[in-house]
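If you're wondering where the values come from, they're calculated on a predicted model, not measured in any experiment. Residues: numbered from 1 along the sequence shown. Indexing begins at 1, ligand by ligand and atom by atom, following the structure's order.
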Amino acid sequence: MTDETAATLSSRADYADAVDRAVRAAAAYYGDGATPLGDDEYDALLRAVTAYEDAHPDQVLPDSPTGKVAGGAVVGDIPHSVPMLSLDNVFSAEELTEWAAGLERRLGRPVTAWCVEPKLDGMAVAARYRAGRLHQVLTRGDGLAGEDISHAADAILGLPAALTAPLDVELRGEVLLTHAQFEHANRLRSEHGATPFAHPRSGAAGTLRAKDRPYRVELTFFAYGAIGLDDDLGHSALLERLAALGANTAATTPAHPQRCATQEDAQRRIEEIAALRTALPFGIDGVVVKADSAADQREAGSGSRAPRWAVARKLAAEHKVTRLLDVEWNVGRTGIIAPRAVLDPVDIDGVIVTYATLHNPADITRRDLRIGDQVFVYRAGDVIPRVEAPLADQRTGDETPIAFPEACPRCGDAIDTTEQRWRCTRGRNCQAVASVIYAAGRDQLDIEGLGRTRAVQLVEAGLVGDIADLFTLTREQLLALERMGGTSTDNLLAAIETARSRPLNRVFCALGVRGTGRTMSRRIAAHFGSMAAVRAADAETLAGVDGIGAEKARVIVAELAELAPLLDKLAAQDVGTAVTEPRTPPAAADTAAGDDADGDAGGDAGGDVGGNAGRRPGAPLAGEAVVVTGGMSGRLAALSRNEMNELVERAGGKASSSVSARTTLLVAGEKAGSKRTKAETLGITILTPDEFAERVAEYLP
Ligand code: IVH
């Protein structure tokens, strides 16, 4: 839900529906339930309802939340001495200026001074003291009467049992869970088999109401008002008085309240507090601007819902609700296997969030997360977005359990699950094993005899830490390994020797640079011609390669910088230098869209699997755009799809993975499916594997 909602409430039925949703959301927002709406959405919904009611005053429904404290969602049975009001909201600097001008018009003079302070994201409470001793604590309820939550008083830090003076006074303020208290509360709840709180505010609400819990959750109080102190105290003086009485106030935080002489100063302090937001140890959802002088406040007065002398400048919500689509498991450098949430993309304060951290498997279990769940996602400043908790009451029954990996997703070995953070039993060696297996693969260095078992053996024996070490292995070292006879040793050494002279594109591919796979490696190799030239390229030059955008170019440059020691070692071993890569003149690179059927790990964009079509006049495939599909047979039977694409390029053609109007030739093997049908429709020449083999005979491996 966004501001657009305002425009969509065009009928009475839409309005009634919006009122219904807002009432339910308010009950959750001010109660201890989980809300299906984030704060931004709730605010937008209320604005839409208000806009409709302004335009159709005769249609206002009695249960509409507008104009009511807490949206009319909560009632209590203990009357407040003086109504506990809410605050009106503004959402921009301009709206704030307008609001201030309105207040000054009402007063008929400028406001004496402003006080700017954080809007604490918790629950409003009233704490009644008799002769300086805490006597009763109440929730706000509907603003006129609240619930007695005195039982929770002991757990509220900053709310003293006794004031420093024996006064009859009522302190008002906010009770919240700091970030640390929220984390602690959720750990405790999981240990006791309770559902974790989805959000610190609902955690505060739930904790304040709960009785007889077998565990103790601490909360924190911040005072911002009082009934029964000197009526002539201005707001900033009142805050000082509250602190002197022993109550906690925001003065103890970096976002301390500040008296500001002018609107400009107030705007500046708002910006400062907003900038401090991520560094604060608790959540704020806005900044409150108050007329500081008691006389200004008295003259401005209050409406039924909110005072006219104060307003909340709301900040964008840091929590949003979205759907958990999947969980990926990534293995870090040290072998830690970390889950990552894949989310239905959601805008949090202007940033589209698609991935969020999930901490560890125990955390998933603790939060009872399921694929398909609506989840609260938190993102603040530069903090990595994280999934907080599912909205369990929103489940439809279609949610599915999250599958935990049974083997290391990178090297396939066992997982050590004894700690909270799972780790590949191979630890740091996991990376080495996985990179050796990948590099020795058929489409990279194609080292026969170097499979998983051998790679594990070499790494575990300390002989190989990276792929360059393969090229310094000696006969003696290999013979000393278990199950390594003379013949296997000689075969392996011969295979490694052959690999030393693989073309650049395969050596580059063997590095496993993030964002590049077989296709991109071929393009990069064709573009630069040598590893030295690739290494010398900056992001701008790399972005000249077909299919590499600015972002990917930056990633590749960073990865290559990180790989510098390995690249130096490979160069010292003459790996990838023996064969000159046929170069593509940079200016001639084509672009074409299509699928990525050759399955690059790096997820290359576009379907062209080669970039040098028709650049070798006289070659049998000069000018041809070739797609290979179906199973190859005859002389081509042994070739992988990657090798077929390499063959096409060697023979002067351009290999592509999808059939389009630009395709000129389809090599259709056994069980060729939709690509064949499409080629037939487009009238494209179709060759059998044998016919094709004949045409490129002199280029066959
Ligand atoms: S002043 C009559 N000051 O925000 C004055 N409220 O959305 C009314 N809140 O009901 C409140 N921080 O629960 C005030 N510094 C602050 C606040 C604050 C948080 C809460 C309070 C209020 C709600 C309105």
Which part of [X] is near ligand 1, with near meaning a heavy atom under 4.0 Å away: side chain, backbone, both or neither?
X: Met84; result: neither
X: Arg172; result: neither
X: Val288; result: side chain
X: Lys119; result: both
X: Ala312; result: neither

(Q) For Arg395, I'd like to know if atom CZ has over 12 heavy atoms of other residues, nucleotides or ligands within 6.0 Å. (A)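 Counting neighbours around CZ of Arg395, more than 12 heavy atoms of other residues, nucleotides or ligands fall under 6.0 Å, so yes.
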Q) Does atom CZ of Arg216 have more than 12 heavy-atom neighbours from other groups under 6.0 Å away? A)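 Yes, because the 6.0 Å sphere around CZ of Arg216 holds more than 12 heavy atoms from other groups.
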Q. To the nearest 0.5 Å, how far apart are SG in Cys115 and CD in Gln258?
A. 8.5 Å
Q.
Nearest 0.5 angstrom please: Glu299 CD to Leu103 CG, how far?
A.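 Separation between the atoms: 10.0 Å.
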Go through ligand 1 atom by atom and flag the ones less than 4.0 Å from a non-hydrogen atom of [X].
X: Arg140; result: 10 (O), 22 (C)
X: Leu85; result: 8 (C), 10 (O)
X: Glu117; result: 3 (N), 15 (N), 16 (C)

Q: Assign the ring pair His319 / Phe376 to parallel, tilted or perpendicular, where the plane angle (0 to 90°) is split at 30° and 60°.
A: perpendicular
So, is [X] polar-close to ligand 1, with some N/O to N/O distance under 3.5 Å?
X: Pro118; result: yes
X: Leu120; result: yes
X: Lys290; result: yes

Q.
Can you confirm if the NZ or CZ of Arg189 lies within 45° of the ring axis of Phe197 and under 6.0 Å from the centre of its six-membered ring?
A.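 The answer is yes, since Arg189 meets both limits relative to Phe197.
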Q. Within 45 degrees of the axis of the six-membered ring of Phe91 and under 6.0 Å from its centre: does Arg47 put its NZ or CZ there?
A. yes
Q) Under the ring pair (Phe, Tyr, Trp, His ring centres under 6.0 Å) rule, what pairs show up with a residue in residues 101-143, not counting sequence neighbours? A)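 Pairs touching residues 101-143 that pass the test: Trp99-Trp114.
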**Q.** Pairs meeting criterion ring pair (Phe, Tyr, Trp, His ring centres under 6.0 Å) with involvement of residues 203-225, two or more places apart
**A.**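 Ring pair (Phe, Tyr, Trp, His ring centres under 6.0 Å) check on residues 203-225 returns His192-Tyr215, Phe222-Phe282.
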Q) Does ligand 1 have any atom that is closer than 4.0 Å to a heavy atom of Ala310? A)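 It does not, in that no heavy atom of Ala310 comes within the 4.0 Å cut-off of ligand 1.
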**Q.** Pro307 touching ligand 1 at heavy-atom level, < 4.0 angstrom
**A.** yes
